[in-house]
Number of protein chains: 2
Amino acid sequence: MNRTTVTSGDVARLAKVSQSAVSRTFTPGASVSAKTREKVEAAARELGYRPNALARAMISGRSRTIALLVAYLDNQFYPIVLEQFSRAVQDRGYRVLLFMTDPGNQDAVVEDMMQYQVEAVVMASATLSTGLAQECERAGIPVVLFNRYVPGSPASSVTTDNRAGGRLVADLFLRAQHERIAYIAGAEDSSTNRDREFGFLEGLAAGGKHLHSRAVGGYTFAQAAQAARTLFTQKERPDAVFVGNDHMAFAVLDVLRHELDLVVPREVSVVGFDNVPESGWKGYDLTTVEQPADAMIRETARILFRQLEERQVEKEDAVLPCRLIERGTTHQFDETGAPRHR
Amino acid sequence: MNRTTVTSGDVARLAKVSQSAVSRTFTPGASVSAKTREKVEAAARELGYRPNALARAMISGRSRTIALLVAYLDNQFYPIVLEQFSRAVQDRGYRVLLFMTDPGNQDAVVEDMMQYQVEAVVMASATLSTGLAQECERAGIPVVLFNRYVPGSPASSVTTDNRAGGRLVADLFLRAQHERIAYIAGAEDSSTNRDREFGFLEGLAAGGKHLHSRAVGGYTFAQAAQAARTLFTQKERPDAVFVGNDHMAFAVLDVLRHELDLVVPREVSVVGFDNVPESGWKGYDLTTVEQPADAMIRETARILFRQLEERQVEKEDAVLPCRLIERGTTHQFDETGAPRHR
DNA sequence: ATGAAAGCGCTAACAG
DNA sequence: CTGTTAGCGCTTTCAT
């Protein structure tokens with residue numbers, strides 16, 4: 001290991017210009033004569049100079065870094081969000097500092113992010129204590145909750161209209177005249193689950209139905225499988241089930257088909273939420289409510305960068321529409337409402 | 001937005017100590033009297049002081065940041081790696097700077113990472129030009145290629161024994177006495193594909209067989225589906241196919257079962273590579289070669305942190321064993337080699 | 001154990 | 001357009 005730290009001073013000396021001239025050469029909007037720029041670039045190339053982004057960030061007060069906090073990546077929805085969001089951020093000349101968190105202790109992680117002088121924070125499938133959100137606000141750091149919503153928080157949020165999504169599923173079940181309708185919940189303390197379930201129950205009620213049974217899957221594969229076993233080994237088993245997200249729905253389908261030998265959708269209809277890629281795969285072919293990931297990410301980026309540009313934090317809540325994607329785990333109907341055969 | 005930048009100087013003034021005393025209080029191994037520490041902590045709390053990690057990194061020359069470069073996250077293998085690796089890094093007091101790259105222009109991204117003074121680089125499903133790898137080496141930045149291998153490069157690497165994995169699949173097909181054996185390749189310029197294919201062909205040859213047909217899936221779902229269509233609509237269709245990874249194998253299974261109405265494994269056996277979670281799901285129940293993700297990540301972290309501690313870059317190549325996971329897409333045999341019925 | 005002083009590598013006024 | 005001059009917030013000798 002050797003002295004490989006080439007500084008702008010070294011370049012200046014070799015190019016016989018001032019150190020500021022070097023700085024200007026590497027600053028997009030600065031004014032340098034073609035001749036100076038040339039000399040500097042030649043010297044920089046010769047020495048293998050690279051500006052130190054940390055020093056730059058320190059003095060300019062802009063780290064060009066955005067923190068992304070994610071709780072888990074086994075649900076395919078999040079890797080996709082992560083990938084697209086990272087690309088969006090990179091395209092705008094920013095970097096992503098990634099933090100994996102447990103659904104509990106985010107606050108310690110946020111502390112860490114702030115020490116790194118991130119300019120903004122995005123939390124996917126995770127929330128922030130209102131206290132810390134306020135602190136971020138005071139520090140001028142915009143925070144966006146992605147796919148979560150916290151009523152009193154100063155943090156912005158981007159969600160789909162989960163309640164409307166739940167209602168779409170209820171309507172579908174009503175149309176198919178199901179009798180014993182069940183719900184498998186995600187994490188009960190999440191806003192997504194609350195809203196989906198609320199919309200679903202609301203929709204059923206509007207059609208004069210009530211829930212036959214309910215279990216909790218906690219947004220995990222294993223727990224959802226267990227929930228399915230519980231619900232479908234009752235004396236009177238459900239003939240339709242709405243599962244809080246696709247990831248759990250796959251577990252439910254596995255149990256129904258391969259452990260309980262039920263035929264979907266003939267004996268039971270299943271609907272998920274998210275429309276992750278696997279839902280479109282023929283091995284599952286899952287009817288689901290689509291969350292418009294692309295649009296959600298675009299909104300997130302828009303909110304974030306607007307606040308960064310205007311240099312002020314201003315809460316904004318974006319709620320995007322979702323739509324039902326009917327596939328093979330539910331009965332199909334044609335335009336007249338008559339059952340359609342596949 | 002306001003002057004919320006509380007510095008160690010502010011804390012020092014309030015606590016009536018020197019600025020260095022504040023610094024020491026926040027430096028783990030430093031010597032401060034209990035009394036001073038107390039005063040400083042009280043003042044810091046009162047002002048809401050948080051050390052600036054950037055300034056700290058600049059002066060100490062240690063950013064405690066590791067760059068992670070990933071090409072795509074739609075193959076579930078990588079999100080899992082990403083999650084586990086991030087956690088491993090965080091546990092050791094480092095942060096992850098994430099970069100999504102296209103399989104082509106990594107070098108520009110690497111340039112960016114180096115400006116941010118990362119202490120190490122991990123490249124997953126991507127490679128680095130030997131030139132830049134050398135530059136990293138010279139700069140004292142360890143580089144680990146995860147799941148890739150580049151012969152002449154000074155970068156370290158962590159891979160599974162892909163060649164042995166290919167041979168395992170060949171042996172399985174030989175044991176099942178398949179006649180028309182096909183291969184669907186991943187990205188042809190990747191070391192993983194080269195090694196898997198080489199081991200597979202080697203294994204077939206050892207059993208006196210040769211490949212019946214071959215197509216390229218490029219590690220993508222869509223291209224793999226197309227490859228399956230091509231291979232399985234020949235006059236003489238294969239009775240067994242080894243697919244370069246699980247992600248492509250799902251596409252292949254969808255085409256075989258739902259477009260071509262073939263029964264797996266009765267009419268055709270299918271084997272993948274990786275053992276991603278979906279392979280264990282009953283909707284696919286895919287026979288595959290397991291890559292030991294946990295062990296690979298442990299090795300990556302070990303190599304990286306050893307080099308960071310010893311403060312010198314020293315190439316190391318870890319090759320981990322893989323094993324066959326037999327599931328429902330191939331015929332089962334008992335210990336005696338006789339077919340077993342499921 | 002503590003404070004004073006010297007920078008880390010760079011940008012941002014400010015003159016010229 | 002260019003060089004000079006101050007720092008950004010912190011760690012790290014070096015005395016005391």
Side-chain angles (χ1 to χ4, degrees), chain A residues 3-41 43-44 47-65 93 112 114-119 139-140, chain B residues 3-41 43-44 47-65 93 112 114-119 139-140:
Chain A
R3 260 270 112 308
T4 8
T5 338
V6 180
T7 72
S8 55
D10 300 335
V11 176
R13 209 168 309 119
L14 181 63
K16 295 191 199 310
V17 295
S18 75
Q19 184 266 345
S20 346
V22 178
S23 173
R24 290 192 183 99
T25 306
F26 286 92
T27 304
S31 57
V32 221
S33 69
K35 207 166 51 193
T36 306
R37 146 159 280 125
E38 218 164 280
K39 284 195 294 187
V40 170
E41 283 177 342
L47 298 176
Y49 170 71
R50 226 187 304 275
N52 182 326
L54 260 35
R56 189 176 266 194
M58 211 170 96
I59 189 136
S60 66
R62 322 214 60 212
S63 66
R64 307 216 122 228
T65 297
D112 209 47
M114 293 187 75
Q115 293 191 12
Y116 270 83
Q117 313 298 110
V118 299
E119 292 187 38
Chain B
R3 258 274 111 302
T4 8
T5 337
V6 180
T7 72
S8 55
D10 300 335
V11 176
R13 209 167 309 118
L14 181 63
K16 294 190 198 309
V17 296
S18 74
Q19 183 267 345
S20 342
V22 178
S23 172
R24 289 191 184 102
T25 306
F26 286 92
T27 304
S31 57
V32 223
S33 70
K35 207 166 48 192
T36 305
R37 147 160 279 126
E38 218 164 281
K39 284 194 293 185
V40 169
E41 282 176 344
L47 298 176
Y49 170 69
R50 226 186 302 274
N52 183 326
L54 259 35
R56 188 176 265 193
M58 212 172 92
I59 190 138
S60 68
R62 321 214 62 212
S63 66
R64 307 215 122 229
T65 297
D112 209 47
M114 294 186 74
Q115 293 191 12
Y116 270 82
Q117 313 298 110
V118 299
E119 292 188 40

Practice task
List in chain and number order the residues that pass side chain to side chain contact (heavy atoms under 4.5 Å, CB included) with B/E38, two or more places apart in sequence or in another chain; answer none if no residue qualifies.
Solution key: none
Handout entry: Contact under 4.0 Å: B/T5 side-chain N or O vs D/dC8 OP1/OP2
Key = no
Fill in the blank from the handout: A/I59 meets the side chain to side chain contact (heavy atoms under 4.5 Å, CB included) criterion, sequence neighbours left out, with none
Exercise for the section: Write down the distance between CZ (B/R13) and P (C/dG3), rounded to a whole number of angstrom. Expected result: 14 Å
Exercise for the section: Round to the nearest Å and state the distance from B/R62 atom CZ to C/dC8 atom C1'. Expected result: 15 Å
Problem - Rounded interatomic separation in angstrom, taking OH from B/Y116 and P from C/dG9 - result: 18 Å
Problem - A/K16 NZ - D/dT2 P separation (whole Å) - result: 17 Å
Practice task
Select one nucleotide: of C/dT2, D/dC1, D/dG3, the one nearest the side-chain heavy atoms of B/S31.
Solution key: C/dT2
Exercise for the section: Sequence neighbours left out, what passes ring-ring contact (aromatic ring centres under 6.0 Å, His included) with A/F26? Give chain and number order. Expected result: A/Y49
Problem - salt bridge (charged side-chain N to carboxylate O under 4.0 Å, His left out) contacts touching residues 6-22 of chain B (sequence neighbours left out) - result: B/D10-B/R13
Practice task
Could I get the full list of side chain to side chain contact (heavy atoms under 4.5 Å, CB included) partners for A/S60, not counting sequence neighbours?
Solution key: A/R62
Practice task
Can you tell me which residue pairs pass the side-chain hydrogen bond (donor to acceptor under 3.5 Å, both in side chains) test with a partner in residues 21-30 of chain A, sequence neighbours excluded?
Solution key: none
Completion exercise
5' to 3', nucleotides 10-16 of chain C under a 4.0 Å protein heavy-atom cut-off (B base, S sugar-phosphate only, - none) gives BBBB---
Handout entry: Which residues share a side chain to side chain donor-acceptor pair (under 3.5 Å) with B/Q19, sequence neighbours left out
Key = B/S8
Practice task
Could you state the atom-to-atom distance from CZ of B/R37 to C1' of C/dA1 in whole Å?
Solution key: 12 Å
Exercise for the section: Measure the angle between the two terminal helix axes of the helix from C/dA1-D/dT16 to C/dG16-D/dC1, five base pairs each, and quote it to 10°. Expected result: 30°
Handout entry: Taking every non-hydrogen atom, the tightest pair across A/V11 and A/V40
Key = CG1-O, 3.8 Å
